[in-house]
Protein chains: 2
Amino acid sequence: MAETPQVQLPARRRQIADAARHLLEAEGPDALTMRRIGEALGIKAPSLYKHLPDKTALEAQLVADAFTELAEAMEAASANAASPTVRLAAVARAYRRYAVDHPHLYRLMNYRPLRRDLLPDDLENRSALPLLEAVEYDEARARAMWAFAHGMVSLEIDNRFPSTADLDAAWQAGLAAFS
Amino acid sequence: MAETPQVQLPARRRQIADAARHLLEAEGPDALTMRRIGEALGIKAPSLYKHLPDKTALEAQLVADAFTELAEAMEAASANAASPTVRLAAVARAYRRYAVDHPHLYRLMNYRPLRRDLLPDDLENRSALPLLEAVEYDEARARAMWAFAHGMVSLEIDNRFPSTADLDAAWQAGLAAFS
DNA sequence: ACCGTAGGCTAACGGTGTTAGCCAGGTCAA
DNA sequence: TTGACCTGGCTAACACCGTTAGCCTACGGT
């Protein structure tokens with residue numbers, strides 16, 4: 001629990017991941033090119049391949065970091081909850097918060113095939129757990145709630161709702177329905 | 001109502017859209033390149049630009065067609081519904097069906113910025129209407145239900161649920177919650 | 001003092017969307 | 001009939017992408 005956030009990475013590789021993440025969050029997915037990442041570190045793109053096998057591995061690193069952070073945020077929200085209803089609302093709020101604060105990262109996690117082979121294998125379980133607890137281990141309800149939350153934040157960050165839409169009301173409707 | 005499905009397009013442009021759609025559905029998004037589309041029509045990629053301004057416009061065409069079809073499917077499902085509860089279930093079933101039958105198209109519609117400027121302007125309203133009717137014009141519940149449905153099919157077509165998951169049960173849980 | 005390796009580099013390849021410029025063929029008017 | 005114009009093909013090329021091959025420099029260890 002007092003362990004490092006991710007599996008220990010070679011320092012240079014960590015720097016690359018950090019630069020990549022900064023580019024993605026600051027300028028969006030089109031800026032996430034090997035040449036741009038190299039430039040941010042003062043080296044040329046081909047040199048990056050001394051540290052990673054390919055771009056897919058780098059993206060997987062970003063995704064793994066993001067899943068870990070999201071799980072941590074939900075765990076923290078879940079910790080001090082008095083009742084299941086309160087806990088569900090708190091976990092949902094943390095989920096939404098993370099997505100809205102990191103939309104490009106959220107899309108990288110969720111809008112493309114999940115490379116489970118390149119990720120730590122407990123990641124999915126860990127990030128599913130807070131929600132599962134909050135619905136008292138009712139799997140069907142947990143999956144429905146997960147879908148609702150994922151749908152809500154997707155539609156929100158992609159500007160699919162009318163600008164006049166009361167999203168808090170929609171969240172409230174969903175939470176009430178699943179509590 | 002007896003009108004053509006889309007706004008009348010020049011024949012060649014319609015052929016291009018059809019070829020593109022076939023490529024996308026048969027081989028996935030990586031196959032949707034201007035060169036492949038040209039090849040399917042027996043012409044070279046640059047010649048396509050005699051008929052369209054750019055690839056974005058072509059994708060917008062596919063998206064517009066898909067939204068129209070999805071709206072039609074939901075309208076048909078909605079038509080013969082005895083009660084609101086039945087209607088909601090029928091519309092949801094039609095939505096899921098369309099997404100599962102056309103996953104690549106569904107992602108093209110939903111996993112990237114919506115170019116509203118390139119789409120017919122009543123499209124979004126039209127495809128929102130069946131669901132809105134089914135929840136008797138409760139906007140918050142409509143948005144929550146939309147998010148739930150979008151989340152469910154996204155997670156399903158992207159293989160995010162465990163293979164053992166009972167998706168019908170999750171749908172049932174959601175529908176019950178929103179009825 | 002040597003040797004191996006770590007980590008840079010340049011050049012290049014095949015792919016992408018896209019533009020410029022050329023040219024054959026058909027249509028239509030004078 | 002002839003000339004003009006337009007439609008819709010073409011090739012060549014550009015800038016960018018991820019990636020590979022091969023070179024070279026500097027450092028660490030025996």
Suppose the criterion is salt bridge (Lys or Arg N to Asp or Glu O under 4.0 Å): which pairs have a residue in residues 51-60 of chain B, not counting sequence neighbours? B/Glu59-B/Arg112
Show me the pairs that pass salt bridge (Lys or Arg N to Asp or Glu O under 4.0 Å) and involve residues 77-90 of chain B, at least two apart or across chains. none
Please confirm whether the shortest side-chain N or O distance from B/His51 to OP1 or OP2 of D/dG9 is below 4.0 Å. yes
List, with names and distances, any nitrogen or oxygen atoms from the protein found under 3.5 Å away from nitrogen or oxygen atoms belonging to nucleotides 9-14 of chain C.
unit_1: C/dC9; atom_1: OP2; unit_2: A/Lys44; atom_2: N; d: 2.6
unit_1: C/dC9; atom_1: OP2; unit_2: A/Ser47; atom_2: OG; d: 2.9

Could you state the atom-to-atom distance from [atom1] of [X] to [atom2] of [N] in whole Å?
| X | N | atom1 | atom2 | value |
| --- | --- | --- | --- | --- |
| B/Leu52 | D/dG9 | CG | P | 11 Å |
| B/Glu39 | D/dG9 | CD | C1' | 17 Å |
| A/Lys55 | D/dG18 | NZ | C1' | 8 Å |
| B/Tyr49 | C/dA20 | OH | P | 13 Å |
| A/Leu48 | C/dG8 | CG | P | 9 Å |
| B/Met34 | C/dG17 | CE | P | 7 Å |
| A/Asp30 | C/dG17 | CG | C1' | 13 Å |
| A/Arg36 | D/dA15 | CZ | P | 18 Å |

Show me, pair by pair, the donor-acceptor contacts under 3.5 angstrom made by side chains of residues 161-176 of chain A, not counting sequence neighbours?
unit_1: A/Asp166; atom_1: OD1; unit_2: A/Asp168; atom_2: N; d: 3.2
unit_1: A/Asp166; atom_1: OD1; unit_2: A/Ala169; atom_2: N; d: 3.0
unit_1: A/Asp168; atom_1: OD1; unit_2: A/Arg96; atom_2: NH1; d: 2.9

Which residues share a side-chain contact (heavy atoms from CB on, under 4.5 Å) with B/Asp138, sequence neighbours left out: B/Ala140, B/Arg141
Which donor-acceptor pairs under 3.5 Å do the side chains of residues 42-51 of chain B make with protein atoms, sequence neighbours left out?
none

Look at all strands and tell whether B/Leu32 reaches a base, only sugar-phosphate, or nothing, counting heavy atoms closer than 4.0 Å. sugar-phosphate
Identify whether the distance between the nearest side-chain nitrogen and carboxylate oxygen of A/Arg35 and A/Glu39 falls below 4.0 Å. no
